[in-house]
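The structure appears below as structure tokens.
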Amino acid sequence: MKTGSKIRYSSPAAAYGKVLYGMGLPEDQVAKAREIFREVPQLHDIFINPTISLKKKFCVVDRVFPERMRNFLKTACKYHRMDLMDEIFAAYDDCADARDQVIRAELYCMVPPSESQKKRMEEFLCGKYGGGRAEIAVSRDDALLGGFILRVGSDEYDWSVKGRMDRLAQTLSGR
């Protein structure tokens, strides 16, 4: 079960991401296309510009992108979906994560966890959500005053000092 997805599965980007994943293209070709988009942001401007002909856009695709990605990108270009490429790649990742039973989580803390603490969190997530592997992105948040917040999709585990103080204040005020 994949948890932590930020893509709405009824969106066009999600549909294209599923199609991309379903094409069974080599992951390195998908990664290379993603890298090209990231390293050459001017491509976005070319592909969304209505004054540039579709034929010229297809020529750019043929010159710049890996061969096995070209048909997919031309289709996305033809149907004006090139502005969604970041979301399409994210939906592709969601499909791969579901296949690999990867659980993605975000950890907010003042001090990064030790390897053993992180390992225990990963084990908790795999047990709770039935995944084979958990990946935790760690971000620093000094506003927490200590402790941590662990987010997985719409679930949140708040063990921060700030969160505890807020809950205490709510209890004391009778809310």
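- Residues meeting the side-chain hydrogen bond (donor to acceptor under 3.5 Å, both in side chains) test with Asp62, sequence neighbours left out: Lys74.
- The nearest pair of heavy atoms linking Cys77 to Leu54 is SG-CD1, 4.0 Å.
- Under the 3.5 Å distance criterion, the side-chain polar atoms of Asp100 are left unmatched by any main-chain donor or acceptor of Val102.
- Under the 6.0 Å cut-off for aromatic ring centres, Phe37 and Phe65 qualify, their centroids lying closer than that.
- Contact record, Met121 with Ile136: CB-CD1, 3.7 Å, taken as the closest heavy-atom pair.
- Atom CZ of Arg133 is separated from atom CD of Glu122 by 9.5 Å, given to the nearest 0.5 angstrom.
- Distance alone, capped at 3.5 Å, places no donor-acceptor pair between the Lys162 side chain and the Leu145 backbone.
- Tyr108 pairs by the ring-ring contact (aromatic ring centres under 6.0 Å, His included) definition with nothing, not counting sequence neighbours.
- Here CD of Gln117 is found 9.5 Å from CG of Leu107. Values are rounded to the nearest 0.5 Å.
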**Prompt:** Yes or no on side-chain contact (heavy atoms from CB on, under 4.5 Å) for Phe148 and Asp141, after CA distance, side-chain angles and deciding distance?
**Reply:** CA-CA 9 Å; Phe148 64 89; Asp141 186 348; over 6 Å; no

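- For the pair Asn49 and Lys57, the tightest heavy-atom approach, listed with the atom from each and the gap, is O-NZ, 3.0 Å.
- Sorted by first and then second residue, the side chain to side chain donor-acceptor pair (under 3.5 Å) pairs with a member in residues 26-35 read Glu27-Arg99, Arg34-Asp93; sequence neighbours excluded.
- Residues Ile52 and Ile46 come closest through the heavy atom pair CD1-O, 3.8 Å.
- Listed for the Lys18 side chain is no donor-acceptor partner under 3.5 Å among the backbone atoms of Ala13.
- Residue pairs meeting the salt bridge (charged side-chain N to carboxylate O under 4.0 Å, His left out) criterion with at least one partner in residues 142-152, sequence neighbours excluded, are Arg140-Asp142, Arg151-Glu156.
- Residues Val161 and Leu150 do not share a hydrophobic cluster, defined by chaining ILVMFWY side chains whose heavy atoms lie under 4.5 Å apart.
- For His80, the NE2 atom sits in a loose shell: 12 or fewer heavy atoms of surrounding residues, nucleotides or ligands are nearer than 6.0 Å.
- Environment of CE in Met23: crowded, with over 12 heavy atoms of neighbouring residues, nucleotides or ligands closer than 6.0 Å.
- In terms of hydrophobic clustering, with Ile, Leu, Val, Met, Phe, Trp and Tyr side chains grouped at heavy-atom distances under 4.5 Å, Ile36 and Val30 are assigned to a common cluster.
- Both Tyr79 and Leu43 are assigned to one and the same hydrophobic cluster, defined by single-linkage of ILVMFWY side chains at heavy-atom distances under 4.5 Å.
- A search for ring-ring contact (aromatic ring centres under 6.0 Å, His included) contacts involving Tyr16 returns nothing, not counting sequence neighbours.
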Next on the checklist: What verdict does the side-chain hydrogen bond (donor to acceptor under 3.5 Å, both in side chains) test give for Tyr21 and Asp94, after you've listed the backbone C-alpha separation in whole Å, the side-chain angles of each residue and the deciding distance to 0.1 Å?
Outcome noted: CA-CA 9 Å; Tyr21 178 79; Asp94 286 347; over 6 Å; no

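- Clustering of Ile, Leu, Val, Met, Phe, Trp and Tyr by side-chain heavy atoms under 4.5 Å joins Met110 with Val111.
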